[in-house]
Every structure is written in C-alpha cells, then in structure tokens.
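Step one of this worksheet: look at the structure below.
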Protein chains: 2
Amino acid sequence: MPAEVKVKSTRQRILDTAAAWFRNKGLAFTSMADLAESIGVKTSSIYYHFESKDALIEETFRIGIELVHAKVRDAVEALGENATHQERLTAAIKAHVNALLGENDYSPANIMNFSHATPEVRAKNNEVRASYGRYWASLLKAAQRDGVIAADVDLSITRLLLIGAMNWIPEWYESGRKSPEAIAECLSRMVHGLAPSAPEKAG
Amino acid sequence: MPAEVKVKSTRQRILDTAAAWFRNKGLAFTSMADLAESIGVKTSSIYYHFESKDALIEETFRIGIELVHAKVRDAVEALGENATHQERLTAAIKAHVNALLGENDYSPANIMNFSHATPEVRAKNNEVRASYGRYWASLLKAAQRDGVIAADVDLSITRLLLIGAMNWIPEWYESGRKSPEAIAECLSRMVHGLAPSAPEKAG
DNA sequence: GTCTATAGATAGATAGAC
DNA sequence: GTCTATCTATCTATAGAC
C-alpha cells in the first residue's frame with residue numbers, strides 16, 4: 001500500500017460529511033443535496049452507496065456509538081487493575097465527554113439527533129446503544145459493590161442522569177470557555193457525592 | 001363571564017396542539033397540515049393567527065420556558081424563609097423534573113426541540129431562557145454562600161450539568177417505571193455531593 | 001461508479017371568496 | 001375568521017446513459 005496519498009473512498013466521504021452535517025445542522029436540515037454538494041458529487045451518486053437517507057443516518061449512528069463505547073472502554077482499561085472504582089468512573093466520564101466535544105463528528109451526531117430519527121432508525125440503533133448502556137451499568141455496579149456508591153442508590157436512575165448530564169453538554173458547550181476536563185471533573189465530583197460517607201439529603 | 005362552556009379560542013387550540021405535536025413528534029415531523037387536521041380547521045386558517053410556522057414555534061417555546069420558570073419559582077417560594085438552601089435546591093429540581101414529565105406539553109416541547117430550531121427562533125427565545133438560567137444561578141450562588149456547596153465548585157458548570165441531567169430525562173423516561181420523585185431525589189443527592197464535607201474526588 | 005434528467009410527494013405559504 | 005384553490009419551493013428517490 002502506498003504510504004502517501006491515501007484517498008478516502010466516496011462511501012467514507014459520504015459518511016464523514018453526513019456526520020458533520022448531522023452534528024451541526026441536524027437531520028431535517030441536512031438534505032441529500034447538501035451532502036452531495038459538500039463532497040463534490042451529484043445527489044444520485046449517494047444512492048449508489050446507501051439505499052436511503054435513513055440507511056445513511058443509521059450507519060452514522062452506529063459508528064457514533066461504537067466510537068464512544070470504544071474510547072470509554074479503552075480509557076478505563078488503560079488504568080490497569082489497581083485503579084480504584086472512583087478513578088475508573090472518572091476516566092469513563094472524561095472519555096465520554098471528550099468524545100462528545102472532540103473532532104469526531106459521529107458520536108455527537110448520534111447523541112444530538114437520536115430522538116428526532118424515525119422509529120425504524122431508532123430501533124435499529126437500539127442494540128448497540130443498549131450494549132453501551134450495559135457497560136456503564138457494569139461500571140456503576142462494581143463501584144457500588146466496592147462501596148464507592150452507597151447501597152441504597154438507584155443505579156439505573158444514576159446512570160441515566162449521569163449520561164444525560166454528559167449528553168446535554170453539546171447543547172451549551174462553547175469551545176474556549178470551559179475545558180472538557182473541568183466539566184468532567186465537576187461531574188465526577190457530583191457522582192462522588194453518592195458515596196456512603198456523603199451527607200444525607202435534606203428534607 | 002359564563003361559568004361553564006369555556007370554549008378555547010382557535011389561537012389557543014393551535015398553540016396547545018402544536019406543543020403536543022412538537023413534544024411527541026418533533027418540529028420537522030409536525031406539518032401545518034397535521035396541526036390543522038388535529039384541530040379541525042384548514043391549514044390556511046392557522047396563518048390568520050400566526051404568520052409562519054417559525055412564529056408558532058417561537059410562541060410555544062416562550063410559553064414553555066415561562067411555565068417551568070414559574071413552577072420552579074413558586075415551588076421554592078412556597079418553602080418560606082426558613083427553608084435550608086439544600087431544601088430549596090431539592091424543591092427546584094423536583095419542580096423542573098415534574099414540569100418536563102407532566103401533562104403540560106409546552107416545556108418539554110421547548111427543551112426537546114430547541115437545538116433543532118432555526119437560529120432566528122433560538123435567538124428570539126434567548127432572553128427568556130437566560131432569565132430562567134439566572135434564576136438557577138442565584139439559587140446555586142446562595143447555596144454556595146451558605147456553605148451547602150463547596151467554595152471551589154464552578155457554579156456555572158454545575159448549573160449546566162444539573163439542568164442538562166434534567167433536560168435529558170424526557171429522552172429516556174417511560175411513565176410507570178421510575179417516579180419523577182425518585183429521579184429528582186437521586187439528582188438532589190448528587191448535588192448534595194458537592195458539599196464541602198463530601199469526600200474529595202479521587203485521582 | 002457517476003452522471004443527466006426527472007418523477008412523485010409533501011411542505012410552507014398566499015390570494016381571494018364568503 | 002375560515003374557507004377553497006393554488007403557487008412555489010424543496011426534498012427523497014429512481015431511470016437510464018456513459
């Protein structure tokens with residue numbers, strides 16, 4: 001294989017461009033003509049690679065979840081066996097936040113548009129999303145078993161609130177103001193508040 | 001005024017119906033024809049009351065924020081002067097969560113669709129949203145001044161993460177599974193974890 | 001694998017009668 | 001204040017040449 005001049009396939013350029021448009025404009029405000037023009041082909045060419053707009057959306061969605069799942073898993077595993085469960089949670093939070101705010105368009109494209117996709121597209125994305133959810137559930141369960149999270153805390157609600165706080169970040173984040181690291185740290189500290197030694201809730 | 005037979009004006013029925021459709025289907029999947037048919041009028045009639053679809057969206061958005069702002073403020077003020085700042089935060093969280101999960105369609109319609117509206121619509125909604133944001137900022141600032149939140153916690157990030165965790169709830173909430181109260185309590189407990197006495201974050 | 005050309009559907013919006 | 005009728009624009013998707 002030639003080391004230089006790696007030309008991306010048209011299919012890959014369609015996916016990359018679609019992810020960027022979906023992230024920045026949303027599904028409805030992204031037309032097949034927009035994508036074609038960005039790439040420098042005609043609309044009909046896209047239909048050689050994807051049978052429909054929904055099929056294209058579905059594929060970008062799948063990639064988006066798989067990317068963030070892989071980054072989070074890698075970040076946690078990079079800590080090694082001796083890391084505390086609080087450290088593992090913090091690493092997972094940082095990785096997820098960075099995936100949503102970084103240069104990869106696929107993950108934010110998924111998170112920001114999933115609820116506005118058709119039921120068919122959502123259904124086909126369900127398994128890969130559920131798999132990622134189970135990974136977080138396992139992290140939280142291990143933390144609770146280890147005493148990092150109090151025994152009476154509802155892990156299901158905790159997980160959904162935690163991921164929700166992160167998934168909402170793209171709605172308000174402006175690059176240059178708050179760093180992804182500071183955001184992740186603040187959230188990690190909130191989760192740490194669920195520890196058994198934390199003050200009981202008032203009222 | 002007659003006590004019974006209060007017939008809602010067409011304008012009000014358009015707004016109510018639009019809020020419900022925007023909440024359940026999203027902006028792009030709600031056509032003016034859908035709304036007209038739901039109400040029992042013709043599409044053109046809507047244009048007598050609203051000059052465009054965007055104008056209709058903008059009005060439902062404004063109502064949605066004003067409603068949740070009023071409910072949160074009322075819930076906090078109902079506590080009286082002697083309530084602790086933790087109690088005030090908990091009451092605010094409960095009120096916001098209930099507004100997003102309750103029968104009022106306007107607030108969830110706004111929250112779930114704001115980022116998919118046109119820049120013009122978003123801009124016109126900015127002031128009322130900023131006002132609501134300032135209210136939360138004042139709640140958190142008072143809590144920090146009172147020692148309920150540690151002095152080194154970034155209140156701006158905290159506010160955005162907290163509201164984000166709540167605003168994401170409609171994405172995963174299924175009525176009948178977890179109660180709004182249990183969700184609000186879990187989140188309140190997380191915020192309580194930001195207290196000075198809470199364990200310091202790990203590594 | 002990409003093109004030209006176009007079908008077919010639906011959307012937001014307007015004109016003018018009543 | 002609501003109607004009928006229609007305009008115009010845009011979008012997804014397809015047929016067939018190259």
Side-chain angles (χ1 to χ4, degrees), chain A residues 5-61 109 113-114 116-125, chain B residues 5-61 109 113-114 116-125:
Chain A
V5 199
K6 288 235 180 110
V7 177
K8 282 186 180 173
S9 69
T10 299
R11 179 189 157 84
Q12 191 60 48
R13 287 164 67 214
I14 293 169
L15 283 168
D16 290 349
T17 307
W21 273 82
F22 294 158
R23 176 185 193 174
N24 296 317
K25 300 279 185 176
L27 303 179
F29 289 143
T30 298
S31 71
M32 300 299 263
D34 289 330
L35 299 179
E37 196 183 7
S38 284
I39 300 164
V41 298
K42 297 299 176 181
T43 306
S44 55
S45 298
I46 298 178
Y47 286 91
Y48 174 82
H49 301 277
F50 298 93
E51 72 169 355
S52 67
K53 184 180 178 182
D54 270 357
L56 174 58
I57 293 171
E58 184 196 323
E59 180 75 353
T60 61
F61 275 10
N113 292 292
F114 181 73
H116 292 79
T118 64
E120 291 76 20
V121 169
R122 288 203 301 273
K124 287 183 180 168
N125 203 231
Chain B
V5 198
K6 290 235 179 107
V7 177
K8 281 185 180 175
S9 68
T10 299
R11 180 188 157 84
Q12 191 60 48
R13 287 164 66 213
I14 294 169
L15 284 167
D16 290 349
T17 307
W21 273 81
F22 294 158
R23 176 186 193 173
N24 296 317
K25 299 280 184 177
L27 303 180
F29 289 143
T30 299
S31 71
M32 299 299 262
D34 289 331
L35 299 180
E37 196 183 6
S38 284
I39 301 165
V41 298
K42 297 299 176 181
T43 306
S44 55
S45 298
I46 298 178
Y47 286 90
Y48 175 81
H49 300 278
F50 299 91
E51 75 169 352
S52 67
K53 184 181 179 181
D54 271 356
L56 173 57
I57 293 171
E58 184 198 325
E59 179 76 352
T60 61
F61 275 11
N113 292 292
F114 181 73
H116 292 79
T118 64
E120 292 76 18
V121 169
R122 288 204 299 273
K124 287 183 180 169
N125 202 230

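We use all heavy atoms of the structure for the numbers below, so side chains are in, but hydrogens, waters and symmetry mates are not. Lettering follows sequence order; numbering is per chain, from 1.
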field: Nucleotide of C:dC3, C:dA13, D:dA13 approaching B:K53 most closely (side-chain heavy atoms)
entry: C:dA13
statement: Separation between CZ (A:F29) and CG (B:L27), nearest 0.5 Å, reads 7.5 Å
message: By nearest atom, which of the nucleotides C:dG12, C:dA15, C:dT2 is closest to the B:S31 side chain?
response: C:dG12
message: Under 4.0 Å, counting only non-hydrogen atoms across every strand here, what does B:S9 touch: a base, just sugar-phosphate, or nothing?
response: nothing
- prompt: Counting just side-chain N and O atoms, does B:T10 come under 4.0 Å of either OP1 or OP2 of D:dG1?
  reply: no
- request: Select one nucleotide: of C:dA15, D:dA15, D:dA13, the one nearest the side-chain heavy atoms of A:S44.
  value: D:dA15
task: Might you confirm whether atom CD of B:Q12 has over 12 heavy atoms from other residues, nucleotides or ligands at distances under 6.0 Å?
output: yes
query: Could you state the CD1-P distance from B:I14 to D:dG1, rounded to the nearest angstrom?
result: 11 Å
task: Would you mind reading off the distance between A:R13 atom CZ and C:dG1 atom P, rounded to a whole angstrom?
output: 14 Å
query: How close or far is atom C1' of D:dT14 from atom NE2 of A:H49, stated in whole angstroms?
result: 16 Å
statement: note: B:Y48, atom OH; C:dT14, atom C1'; distance rounded to Å ~ 16 Å
- request: Rounded off to whole Å, could you give me the CZ-to-P distance for the A:F50 and C:dG1 pair?
  value: 12 Å
message: From OH of B:Y47 over to P of D:dA5, roughly how many Å is that when rounded to an integer?
response: 19 Å
message: Counting distance alone, no hydrogens or angles: does the base of D:dC3 have a donor or acceptor under 3.5 Å from a partner atom on the side chain of B:S45?
response: no
task: Describe the nucleic acid contact of B:K42 in one word from base, sugar-phosphate, nothing, applying a heavy-atom distance below 4.0 Å.
output: base
field: Gap between atoms CD and C1', on A:Q12 and C:dG1 respectively (whole Å)
entry: 17 Å
